[in-house]
Student: 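Mind looking over this structure? Questions follow.
Every value quoted in this text rests on a predicted model; they were computed, and no experiment measured them. Scope of the values below: all heavy atoms of this structure, side chains included, with no hydrogens, waters or symmetry mates.
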Amino acid sequence: MAAKKINNLPYLSKSYTYKGNYYYLNGDYSKSLDNYLEARKVSDKNSKNYNLINFNIGLLKLELENYDEALNLFLNYKDFLEKNNLSGNSNYVRCLYALAYTYSKRKEIATSNQYLKLGFQKNETNKNEKMYSNLLLISGINEFFGGKYTKSLSTLSKVSDIIRRNSFDSQNLALSEYYSGKSLIKLNNDSFLKKFETVDSIIIKTKDATSELRDVYPILIDHYKNHHNKDKQLYYIERLLAVDSILYKKNNTLSHEINKKYDTPLLLKEKERLIEDLSSKNNKLFWLLGIGGILLIVLSFLYTKNRNKVRLYKKKADLLLTESASQVISIEKPDLDIPEIIDSEKEKTKPKLSDEKLKQLSLKLQEFEEGSSFLNKNMNLDLLSKELNTNRAYLSRSVNELKGKNFSQYLNELRISYIVEELRTNTQLQKYTISSIADHAGYNNSESFTNAFRKITGTLPSYFIKALDKNEINN
């Protein structure tokens, strides 16, 4: 409020940044993003804080598993630090760690290791033990993915020791113990149980979980089922249900990675069977009946909500089947009746785009839409601005002006519109995997493609393909 009164934009930018950091640390990613965007609006684009905000937004993208978008923000921040001779400070090492972690999540291990190597070198100057443990953690995870299970165990053991000794981030300790456990499983060593129990205890203490750490529970349930330990089996089924509830609240949706073998209906059925079997042997399990009733209500609600979502996807897929892609996806600027709220002070300083230049660029964009270069996986604002012989900032503003959306939305809509028509007419393409279809549409991975398809069409590519297949059978 004080910064607004005296119109001090740097202070105002930092204030919004601190609010964004607060919400990020408390897991409220939506409010965190809102404040980072507010901070960016009032920041000088060449300032340290502006570029740091973009990096923080990249961390949010990482939390939401939007790896492509996160990478772009991390790489831009790295370029800024290098161009401004800031590659010697701790933020540069943080950026290298973020890049190594993101590439590891994308299973691009060689690239991840390159950033790890540079990160270790840079951290030699700063001597930051926490950052050293973070880099070492990713190194151990990469060794696991490379099949070096014994070496991964040794590396992750060092990570866990450093974190415990210094009381560092418990979430990283959980990750270290999780991948240690997975390495032990690969080595047929039952010591993985102790590692996974540590992960479980951290989740119980912090009330925080990720879809990655969730995987310990199906493994524990299977283990104790095979060893006929119904008490432990029931305990970890209860823990799995609780973790799914945590994930649902954290992401406002039931985790899409839920294991088919232990989805909600099967979990409830298995739980009831175990309770009936154990109740005759152990009176201490009676209290679980009450908890089971509550969980049944909660999970029934989640199951119903998920089923309604599936119905909506099918309905949207049928709609997409009967209408052309251009009817469903609007590439042109929408005709909105809502009056635009204009900041008069900003409007005075903001240069207006000339009608003639806009007209010329509109024709170039039309050629771009009619061609196929938007399917290039490397296509971005910088590349297109070079192809159209204009600058990045001007192209970005022009797309907003002409299309009523940002460049990322514009590019996604072009690709999705294209692939919808391709799927509609090319029966051979319908037989491809989602990953192959994503590649055909210009996406680096199936996850990015599926997210874009859902946001734009309201359904998933798998449902649309099923609708096409069903329509061909009926005809």
Side-chain angles (χ1 to χ4, degrees), residues 61 64-73 75 102-103 105-108 256-257 312-332 364-388 395-396 399 402-472:
K61 297 287 187 182
L64 299 173
E65 301 181 0
N66 293 335
Y67 301 129
D68 291 342
E69 297 173 29
L71 270 181
N72 286 333
L73 292 167
L75 289 170
T102 308
Y103 278 112
K105 295 292 287 184
R106 285 162 53 107
K107 302 298 186 293
E108 297 179 35
H256 66 277
E257 293 182 355
L312 179 61
Y313 283 157
K314 289 181 178 178
K315 183 178 179 181
K316 291 286 187 179
D318 290 337
L319 180 64
L320 191 59
L321 186 67
T322 56
E323 296 183 358
S324 66
S326 61
Q327 289 177 293
V328 179
I329 304 168
S330 173
I331 306 299
E332 297 302 321
K364 290 181 179 180
L365 287 176
Q366 186 176 345
E367 292 178 6
F368 173 65
E369 292 168 12
E370 292 171 354
S372 61
S373 61
F374 58 80
L375 298 176
N376 180 354
K377 291 183 181 180
N378 297 318
M379 179 56 64
N380 56 31
L381 203 54
D382 291 322
L383 181 59
L384 184 58
S385 62
K386 289 178 183 178
E387 289 185 3
L388 301 185
L395 178 60
S396 177
V399 169
L402 293 167
K403 305 297 178 181
K405 61 201 70 176
N406 62 39
F407 180 78
S408 178
Q409 292 171 317
Y410 171 60
L411 183 61
N412 276 324
E413 289 183 4
L414 282 173
R415 288 172 172 173
I416 299 304
S417 178
Y418 165 81
I419 204 64
V420 165
E421 291 302 328
E422 281 290 292
L423 285 169
R424 197 194 304 272
T425 57
N426 188 342
T427 55
Q428 193 63 35
L429 182 62
Q430 296 169 19
K431 299 175 183 177
Y432 287 10
T433 63
I434 297 299
S435 179
S436 298
I437 295 172
D439 185 74
H440 193 73
Y443 289 89
N444 288 312
N445 55 68
S446 58
E447 187 175 18
S448 299
F449 166 64
T450 300
N451 286 337
F453 197 99
R454 176 181 54 79
K455 288 178 182 177
I456 293 169
T457 66
T459 187
L460 301 178
S462 56
Y463 285 96
F464 180 51
I465 291 170
K466 286 179 183 178
L468 287 167
D469 188 49
K470 183 179 178 182
N471 186 58
E472 287 173 13

Student: Any side-chain heavy atom of Leu365 within less than 4.5 Å of one from Leu388?
Tutor: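 Leu365 vs Leu388: side chains touch.
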Student: Under 3.5 Å, is there a donor-acceptor pair between the side chain of Lys61 and the main chain of Glu69?
Tutor: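 Absent.
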Student: Ser385 side chain to Asp382 main-chain N or O, any donor-acceptor pair under 3.5 Å?
Tutor: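 Yes, the answer is positive, given that a donor and an acceptor are paired below the 3.5 Å cut-off.
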Student: Check step by step if side chain to side chain donor-acceptor pair (under 3.5 Å) holds for Asn376 and Ser373.
Tutor: CA-CA 5 Å; Asn376 180 354; Ser373 61; over 6 Å; no
Student: If we only count heavy atoms from C-beta on, is the Phe453 to Val420 side-chain gap below 4.5 Å?
Tutor: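 The answer is yes; the side chains approach within 4.5 Å.
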Student: Thinking salt bridges, do Lys405 and Glu413 make one under a 4.0 Å N-O criterion?
Tutor: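 Glu413 and Lys405: salt-bridged.
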Student: Between Lys403 and Glu369, is there a salt bridge with N-O shorter than 4.0 Å?
Tutor: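 So Glu369 pairs with Lys403 through a salt bridge.
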Student: Would you find more than 12 non-hydrogen atoms of other residues, nucleotides or ligands less than 6.0 Å from Lys314 atom NZ?
Tutor: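 No.
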Student: With heavy-atom distances below 4.5 Å as the criterion, would you say the side chains of Tyr443 and Asn412 are in contact?
Tutor: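 A side-chain contact under 4.5 Å exists here.
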Student: Using side-chain heavy atoms (C-beta onward) and a distance below 4.5 Å, is Glu108 in contact with Tyr67?
Tutor: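 No; the side chains remain at least 4.5 Å from each other.
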Student: Quick check on Lys377: does its NZ atom have over 12 non-hydrogen neighbours (other residues, nucleotides or ligands) under 6.0 Å away?
Tutor: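 Yes.
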Student: Say whether, by atom type as modelled, one donor and one acceptor occur between the side chain of Asp469 and the main chain of Ile465 under 3.5 angstrom.
Tutor: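 No, because the side chain of Asp469 does not come within donor-acceptor range (under 3.5 Å) of the backbone of Ile465.
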Student: Any non-hydrogen side-chain atom of Asp439 less than 4.5 Å from a side-chain atom of Tyr432?
Tutor: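 In short, these two side chains do not touch, never coming nearer than 4.5 Å.
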Student: Say you draw a straight line from CG of Leu429 to CD of Glu422; how long is it, rounded to the nearest 0.5 Å?
Tutor: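 It comes to 6.5 Å.
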Student: Identify whether the distance between the nearest side-chain nitrogen and carboxylate oxygen of Glu421 and Arg424 falls below 4.0 Å.
Tutor: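 Salt bridge flag = yes for Arg424 with Glu421.
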